[in-house]
**Student:** 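Structure in structure tokens, see below.
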Amino acid sequence: MRKSIATTLVVMALGGSLGLTATQASAAPATKVLPFNFNTNEVQKVEDDAKFKTTAAGKVQFTITKKTYDHGIGIRLITCGKDWKSLTGWKEFKKKKGDYYTFDKSLKKNQCFRIQAGRSWAGYIDGKLKGKIKKA
């Protein structure tokens, strides 16, 4: 009887401490990698229709994984909505495919944003965003 009571108390104590750890761990948003893709245009800037949202304040990273043509391309983040505003400066993609760039400015928590590509002959691009983000 004493062993079962002692065992129960130990299990309850461990369960409580594990529950606290799990709560603390779930409070911190996880870094995610989300894909994006769209066609560029050599005459005008192009915005992606996909919307993303930050889950915590911080910087967002991007990489280009595939391009139709091997031309340079500039990427920046803009606000959601018809009358968009720039959230970050332009980042020219120069590294090899798969290497990440970090945008220059931090975004606020719950900031809705889209991706904008500058004028480019790159054609269709596939890429990934990395950060504390989710699909909006």
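Note that the numbering runs from 1 along the sequence shown for the chain.
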**Student:** Any side-chain heavy-atom pair from Leu34 and Phe52 closer than 4.5 angstrom?
**Tutor:**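 In contact.
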**Student:** If you count every heavy atom of other residues, nucleotides or ligands that lies below 6.0 Å from Tyr69 atom OH, does the total exceed 12?
**Tutor:**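 Not more than 12 within 6.0 Å, no.
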**Student:** Please report the shortest heavy-atom distance between Asn37 and Asp48, naming the atom on each side.
**Tutor:**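 Answer, listing the atom of Asn37 first, then Asp48: O-OD1, 3.7 Å.
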**Student:** Mark yes or no for whether Thr54, through its side chain, and Leu107, through its backbone, hold a donor-acceptor pair below 3.5 Å.
**Tutor:**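 Answer holds: no.
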**Student:** Flag yes if Ile73 and Trp90 sit in one hydrophobic cluster, no otherwise; membership is Ile, Leu, Val, Met, Phe, Trp, Tyr, and two members link when side-chain heavy atoms are under 4.5 Å apart.
**Tutor:**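 Ile73 does not cluster with Trp90.
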**Student:** Of all the heavy-atom pairs spanning Arg114 and Gly81, show the shortest one and how long it is.
**Tutor:**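 It is NH2-O, 3.6 Å.
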**Student:** For Gln61 and Thr102, test the side chains for any donor-to-acceptor distance below 3.5 angstrom and give the result as yes or no.
**Tutor:**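 Indeed, the side chains of Gln61 and Thr102 share at least one donor-acceptor pair under 3.5 Å.
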**Student:** Closest approach of Asp104 and Lys59, non-hydrogen atoms and distance?
**Tutor:**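 So the minimum-distance heavy-atom pair works out to O-NZ, 3.4 Å.
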**Student:** Are Leu77 and Trp84 packed together at the side-chain level, in the sense that at least one heavy-atom pair is separated by less than 4.5 angstrom?
**Tutor:**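 With C-beta onward as the side chain, the pair stays apart.
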**Student:** Calculate, to the nearest 0.5 Å, the distance between atoms OG1 and CD belonging to Thr79 and Glu47 respectively.
**Tutor:**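 Rounded to the nearest 0.5 Å, the OG1-CD separation comes out at 10.0 Å.
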**Student:** Going only through I, L, V, M, F, W and Y residues with side-chain contacts under 4.5 Å, is there a path from Phe93 to Val46?
**Tutor:**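 Hydrophobic grouping puts Phe93 with Val46.
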**Student:** Side chain to side chain contact (heavy atoms under 4.5 Å, CB included) between Lys128 and Tyr100: does it pass, once the steps are laid out?
**Tutor:** CA-CA 9 Å; Lys128 294 179 183 177; Tyr100 281 91; 3.8 Å; yes
**Student:** Would you call Ile125 and Ile75 a side-chain contact if the rule is heavy atoms closer than 4.5 Å?
**Tutor:**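 Yes - at least one pair of side-chain heavy atoms lies under 4.5 Å apart.
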**Student:** Once you measure the plane-to-plane angle for Phe38 and Phe36, does it fall in the parallel (<30°), tilted (30-60°) or perpendicular (>60°) bin?
**Tutor:**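 Tilted: the ring planes of Phe38 and Phe36 meet at 30° to 60°.
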**Student:** So, using salt bridge (charged side-chain N to carboxylate O under 4.0 Å, His left out) as the criterion, who are the partners of Asp70 when residues are at least two apart?
**Tutor:**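 Salt bridge (charged side-chain N to carboxylate O under 4.0 Å, His left out) list for Asp70, sorted by chain: Lys67.
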**Student:** Look up atom NZ in Lys135 and atom CG in Leu129, then write down how far apart they are to the nearest 0.5 Å.
**Tutor:**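 Between Lys135 NZ and Leu129 CG, I get 8.5 Å after rounding to 0.5 Å.
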**Student:** Atom NZ of Lys32 and atom NZ of Lys130: how far apart are they, to the nearest 0.5 Å?
**Tutor:**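 Going from NZ on Lys32 over to NZ on Lys130, the span is 15.0 Å.
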**Student:** Are more than 12 heavy atoms, taken from residues, nucleotides or ligands other than Trp121, located less than 6.0 Å from that residue's CH2 atom?
**Tutor:**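 No, CH2 of Trp121 has 12 or fewer neighbouring heavy atoms, counting only those of other groups under 6.0 Å.
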**Student:** Checking side-chain contact (heavy atoms from CB on, under 4.5 Å) between Phe113 and each of Ile78, Thr88, Leu87, which is the one that passes?
**Tutor:**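 Single side-chain contact (heavy atoms from CB on, under 4.5 Å) partner of Phe113 among Ile78, Thr88, Leu87: Leu87.
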**Student:** Compare every heavy atom of Lys53 with every heavy atom of Asn110, then report the nearest pair and how far apart it is.
**Tutor:**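 In terms of heavy atoms, the two residues are closest at O-CE, 3.5 Å.
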**Student:** Aromatic rings Tyr101 and Phe62: how do their planes relate, parallel, tilted or perpendicular, breaks at 30° and 60°?
**Tutor:**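 Ring orientation of Tyr101 relative to Phe62: parallel.
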**Student:** Looking only at atom types and distance, does a side-chain atom of Thr31 sit under 3.5 Å from a main-chain N or O of Gly131, one as donor and one as acceptor?
**Tutor:**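 Looks like no, no N/O pair under 3.5 Å.
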**Student:** How long is the straight-line distance from CG of Asp49 back to SG of Cys80, given to the nearest 0.5 Å?
**Tutor:**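 If I round to the nearest 0.5 Å, the distance is 11.0 Å.
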**Student:** So which heavy atom on Arg76 is nearest to which on Gly89, and how close?
**Tutor:**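 Taking every non-hydrogen atom into account, CB-O, 3.6 Å.
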**Student:** Identify the heavy atoms of Ser120 and His71 that sit nearest to each other, and give their distance.
**Tutor:**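 The pair with the smallest heavy-atom distance is OG-CB, 4.4 Å.
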